[in-house]
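Start at 1 and go down the list; that is how both ligands and their atoms are numbered. For the single chain, residues carry numbers from 1 onward in sequence order. Computed from a predicted model, the values in this text were never measured in an experiment.
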Amino acid sequence: MDLAEYRSAARAWLAGNTPAADGVDAAKTFMARLHDAGYSGITWPAEWGGQGLTQAEERAFAAAARDFSLPTYVFSIGLGMCGPTLLDRGTPEQKGRFLRKLLRGEEIWCQLFSEPGAGSDVAGLQTRAEQVEGGWLVNGQKVWTSVAQHADRGLLLTRTNADAPKHKGLTMFVVDMRGPGVTVRPLRDMTGRAHFNEIFFDDVHIPDENRVGAVDEGWSVAVTTLLHERLSISSGVGMSGQRDNPTSFEALSSAVDTGDPLVRDQLVELYLRSRALALFNQRLSQETKAGIFPGARGSAAKLLLAELTTFSADLAVSLIGPEAVADGHPLADAIALAPAMSLGGGTNEIMRNIIGDRVLNLPPEPRVDKNVPFKDLKVNS
Ligand SMILES: Cc1cc2nc3c(=O)[nH]c(=O)nc-3n(C[C@H](O)[C@H](O)[C@H](O)COP(=O)(O)OP(=O)(O)OC[C@H]3O[C@@H](n4cnc5c(N)ncnc54)[C@H](O)[C@@H]3O)c2cc1C
């Protein structure tokens, strides 16, 4: 089948199978059907439940999906961050145990890195994992954990060695979010709904077979996750495309009077910025699949998306007027959520620090705590 045929087959399948209902159960049923039809995990290896196809098929599917509203939001962390981390760093046994279920929507995943005292400085986290008979005992708190209220599994970053400097005493685990000792409390955001949560771990037992990477080497696993996070956020993995974004060029052009040249001028800027970012993402994604590490350029893509999101939300309000933020207006949620894009996945300031340090070769931030044992640092002070 050539690419044009692949795209039109995908389009026909989506037209017949995209559910009108939303909600987690409908999303899970949809993901199982998507997998049966061969459209889930398009570039993931067939041995782990993927389709073993190329970027070209993935792009063709994304082009077909652009006009549909797919209920894939709850899977975005698993598909965009946790799954790719396991593909890169998991054992064959872990890949076999977790990845197919993730691709079929049988298990929802979340990412448990941030804590009340460790966001930008995530290596300063305090959730402890102590080695016990047959595994590890975890105690601590995480926060801002997206989709955790629905999650079956989480990728959990913990401190296993307080005698080592902060980046060197961390270990990554897969945790059962339904297990004893895990408490999930949803947090409301500006839309009035709960997208993220705070999580408490009280004597949670994790078997050693769920450790991802070596003991005390979790930072390098976390860096893998953060790289995939920035790429997946900027390229919109788990989202179905412009149809879901009411402040996109396509949506705003049809919602406002484009007879005014000043309006057209602003819309053209929105189009150019969106298109440039899409092409940049496409290039990074192709390079990643070809084994070329995008490094700090992933941070540039994430920063560009955050700035574009703010620009398009501001433009929507200026073109449509204050009613765009009124309760119940179709644009209100997108505008209320726009600032979140400048925080989640790393703030704009942190992205600029990374770009300055690793792309522009500017002097790095002073890191006075780099070689100090974690137990000697003042945290939360
Ligand atoms: C919508 C959303 C979803 C999220 N989902 C998840 C999730 O699923 N899992 C997860 O683990 N986390 C998640 N997060 C948390 C996110 O990663 C953190 O909010 C982010 O890393 C910032 O951390 P913080 O909120 O603690 O802010 P802080 O780190 O306290 O930063 C406060 C301010 O100080 C600035 N700042 C801090 N350090 C520096 C510095 N060195 N140089 C310059 N400026 C600096 C920051 O830019 C920011 O403006 C989510 C956040 C949001 C908004």
Under 4.0 Å between heavy atoms, the region of Leu343 that gets near ligand 1 turns out to be both
Could you tell me which atoms of ligand 1, counted from 1 in the order shown, lie closer than 4.0 angstrom to a heavy atom of Ala340? 1 (C), 53 (C)
Any nitrogen or oxygen of Leu112 lying under 3.5 Å from a nitrogen or oxygen in ligand 1? Just yes or no. no
Contact bool for atom 14 (N) of ligand 1 (protein heavy atom, d < 4.0 Å): yes
For atom 33 (C) of ligand 1, is the nearest protein heavy atom under 4.0 Å away? no
Under 4.0 angstrom from atom 43 (C) of ligand 1, is there any protein heavy atom? yes
Is atom 30 (O) of ligand 1 in close reach of the protein, with a heavy atom under 4.0 Å away? no
Which label fits Trp13 and Phe30: parallel for a plane angle under 30°, tilted from 30 to 60°, or perpendicular past 60°? tilted
Which heavy atom of the protein is the closest neighbour of atom 24 (P) of ligand 1, given with residue, atom name and distance? Gly119 CA, 3.9 Å
Will you find, in the side chains of Asp216 and Thr160, an N or O donor that is under 3.5 Å from an N or O acceptor? yes
Has Asp22 got more than 12 heavy atoms of other residues, nucleotides or ligands less than 6.0 Å from its CG? no
With a sphere of 6.0 Å drawn around NZ of Lys375, does it hold more than 12 non-hydrogen atoms of other residues, nucleotides or ligands? yes
Flag yes if more than 12 heavy atoms outside Asp327 fall under 6.0 Å of its CG atom; otherwise flag no. no
When only distance counts, is Gln111 in polar contact with ligand 1, meaning an N/O pair under 3.5 Å? yes
Could you identify the single nearest non-hydrogen protein atom to atom 22 (C) of ligand 1 and state the distance to 0.1 Å? Thr347 CG2, 3.7 Å
Starting from atom 51 (C) of ligand 1, which protein heavy atom do you reach first, and at what distance in Å? Gly344 CA, 3.6 Å
What atoms of ligand 1 come within less than 4.0 Å of a heavy atom belonging to Asn353? 40 (C), 41 (N), 42 (N), 43 (C)
How close does the nearest protein non-hydrogen atom get to atom 16 (C) of ligand 1, and which residue and atom is it? Ser114 OG, 3.7 Å
Check: Arg89 side chain, Ser220 main-chain N or O, donor-acceptor pair, under 3.5 Å: yes
Would you call Arg297-Glu287 a salt bridge at under 4.0 Å N-O? yes
In terms of residue, atom name and distance, what is the protein heavy atom nearest to atom 41 (N) of ligand 1? Glu365 OE1, 3.0 Å
Between Lys101 and Asp152, does at least one N-O distance fall below 4.0 Å, as a salt bridge requires? no
Enclosure of Trp219 CH2 (heavy-atom neighbours >12, cutoff 6.0 Å): yes
Ligand 1 versus His195: contacting region, heavy-atom distance under 4.0 Å: neither
So for ligand 1, is Ser146 a polar contact partner (N or O within less than 3.5 Å, distance only)? yes
Got more than 12 heavy atoms from elsewhere within 6.0 Å of CZ, Arg264? yes
Examine Glu349 against ligand 1 and note whether any of their N/O atoms are separated by less than 3.5 Å. yes
Atom 27 (O) of ligand 1: nearest protein contact (heavy atom, Å): Ser120 OG, 4.2 Å
Name the closest protein heavy atom to atom 45 (C) of ligand 1, giving the residue it belongs to and the distance to 0.1 Å. Ile350 CD1, 4.2 Å
Relative to atom 4 (C) of ligand 1, which among Phe113, Trp109, Trp144 owns the nearest non-hydrogen atom? Trp144
Do Ile199 and Met177 come within less than 4.5 Å of each other through their side chains, counting heavy atoms only? yes
Within 45° of the six-membered ring axis of Phe311 and under 6.0 Å from that ring's centre, is NZ or CZ of Arg273 located there? yes
